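Report on one structure; see the data block that follows.
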Number of protein chains: 2
Amino acid sequence: MATTPSTAEILGDARADESPAAVTVAATATERSRQKADRRQAILTAAATLFAQRGYAGVTIEDLGAAVGVSGPAVYRHFPGKAAVLAAILQGASRTLLDGAERVLVEASDPAVSLRELIAFHVDFALGDADVILVQDRELEQLDLGARHEVRLLQRQYVEHWVDTLARLRPDRAETELRIRAHAAFGLLNSTPHSARIPGRRPADGTIRGILEEMTWASLMS
Amino acid sequence: MATTPSTAEILGDARADESPAAVTVAATATERSRQKADRRQAILTAAATLFAQRGYAGVTIEDLGAAVGVSGPAVYRHFPGKAAVLAAILQGASRTLLDGAERVLVEASDPAVSLRELIAFHVDFALGDADVILVQDRELEQLDLGARHEVRLLQRQYVEHWVDTLARLRPDRAETELRIRAHAAFGLLNSTPHSARIPGRRPADGTIRGILEEMTWASLMS
DNA sequence: TCCCGATGTTAGCGAGCATTAACCGAGATG
DNA sequence: CATCTCGGTTAATGCTCGCTAACATCGGGA
């Protein structure tokens with residue numbers, strides 16, 4: 001489904017090695033825990049899709065279980081409650097975004113290159129994990145205060161990286177304006193989940209990617 | 001609250017004249033019906049705010065009534081049910097947008113002017129009726145099939161006006177690309193409700209308006 | 001002034017849903 | 001092999017909420 005490393009793979013405990021009999025493990029490596037991690041991850045992925053389609057309140061715990069082949073209260077073996085599932089999704093998304101931005105900024109030195117790669121990274125994420133993006137800016141307020149603050153903190157840091165990069169490119173502009181511009185750019189980039197839902201068949205990801213990158217760059221630097 | 005003619009005023013039966021004793025009316029003009037229209041409108045406005053804050057499913061009929069000073073089931077005197085309130089909001093919003101676009105296109109002849117005014121109009125709406133915009137692209141799927149199709153139809157026509165205008169400006173581009181660009185532009189423009197929520201105090205509407213118009217133009221024409 | 005319909009109010013009713021309880025089989029562990 | 005822990009199951013439980021019923025009030029046309 002996704003062309004980029006999906007949030008799921010980045011988030012979960014799942015290790016990269018897939019060798020079935022290799023028991024040369026270091027950390028928690030029992031067969032049971034492996035399956036448990038898989039199921040947990042499956043729930044998160046399915047939940048993101050369902051939440052994106054019907055909204056957090058429109059999905060029951062029963063739905064969550066059914067989507068991964070177990071039924072109802074089994075979900076409580078993996079999450080303390082429905083809210084915790086949403087929290088895990090949102091925290092994972094903002095973590096992934098923040099980590100990605102920081103990786104980009106460590107490697108690139110030229111601010112123009114940084115911005116271009118920030119954009120490319122965000123496009124990748126939006127295209128690959130459309131469900132997560134959609135849930136991310138729809139259901140934040142459903143979180144309890146603690147989780148909400150944590151997600152907001154991560155998001156704020158992410159925005160700050162964009163604003164800093166923009167500030168190096170356009171030192172003439174007020175930080176307030178740059179912040180507005182960054183938010184507007186996110187709106188543009190995150191529009192994919194919405195628009196992808198409307199038409200019947202959409203063009204290749206590659207096409208969309210190019211257009212979105214071009215538009216975002218132009219809007220930020222105009 | 002809103003600086004532009006709010007959806008509320010455009011939508012409802014409320015006439016523009018506010019003269020208290022002017023009984024020079026034509027249509028249904030009894031005092032009762034006036035008050036009823038006011039209350040209906042108050043419910044719609046309050047509902048938009050509440051839906052924007054907590055999501056459709058997170059708002060009870062009781063909340064809706066309380067927000068306008070009546071309690072609970074009184075809402076049923078104005079709407080057949082909770083879903084009808086949402087439907088009225090969404091249909092009103094898409095009608096307002098479509099009507100606005102058509103008014104712009106009738107008056108302006110030069111496509112560049114048209115686009116500039118389409119953008120300005122949309123910015124006005126997004127800034128003035130942020131709640132409605134937010135509900136609009138969040139809660140569409142909560143509607144029953146009939147209402148959803150109607151809203152989608154209106155939205156599609158609105159998009160079509162943008163695409164047509166863009167096509168006249170950039171006949172070299174495929175319609176598919178123009179459609180993607182239009183949707184991305186809406187994402188950018190509709191980002192205001194999201195970003196306006198995050199910081200403590202935001203700059204004047206005028207400032208934001210200019211930035212958004214500039215960014216949108218640049219992104220579409222890049 | 002009298003009566004009717006419109007607009008509210010306060011009690012339910014019934015469904016849906018998150019969560020908990022009680023129980024079960026099967027891998028890991030000794 | 002006995003046991004214990006886990007991940008699962010199905011059956012409550014209790015609350016929330018949309019919606020309906022039955023009753024009050026009042027504005028306005030005859």
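Throughout, protein chains are lettered first and strands after them, A, B, ... in sequence-line order, and every chain is numbered starting at 1. Computed from a prediction, not measured in an experiment: that's the story for all the values here.
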Write down the distance between [atom1] ([X]) and [atom2] ([N]), rounded to a whole number of angstrom.
X	N	atom1	atom2	answer
A/Arg77	C/dG25	CZ	C1'	13 Å
A/Arg40	D/dC6	CZ	C1'	16 Å
B/Arg39	C/dT7	CZ	P	10 Å
B/Lys36	D/dC26	NZ	P	19 Å
B/Leu64	D/dC17	CG	C1'	13 Å
A/Arg34	C/dA28	CZ	P	12 Å

A/Lys82 to A/Tyr76 six-membered ring, cation-pi geometry met (6.0 Å, 45°): no
For nucleotides 14-19 of chain C, print each protein N/O atom paired with a nucleotide N/O atom at under 3.5 Å, atom names and distance only.
residue : atom : partner : partner atom : Å
C/dA18  : OP1  : A/Val59 : O            : 3.3
C/dA18  : OP1  : A/Lys82 : NZ           : 3.0
C/dA18  : OP2  : A/Ile61 : N            : 2.8
C/dT19  : OP2  : A/Tyr76 : OH           : 2.9
C/dT19  : OP2  : A/Lys82 : N            : 3.0
C/dT19  : O5'  : A/Tyr76 : OH           : 3.2

Under 3.5 Å side-chain donor-acceptor pair for A/Gln53 and B/Glu141: no
A/Ser71 and A/Glu62 side chains, donor-acceptor separation under 3.5 Å: yes
Is a salt bridge present between [X] and [Y], judged by a nitrogen-to-oxygen distance below 4.0 Å?
X	Y	value
A/Arg95	A/Asp99	yes
A/Arg34	A/Asp38	no
B/Glu107	B/Arg103	no

D/dC6 phosphate, OP1 or OP2, under 4.0 Å from A/His78 side-chain N/O: no
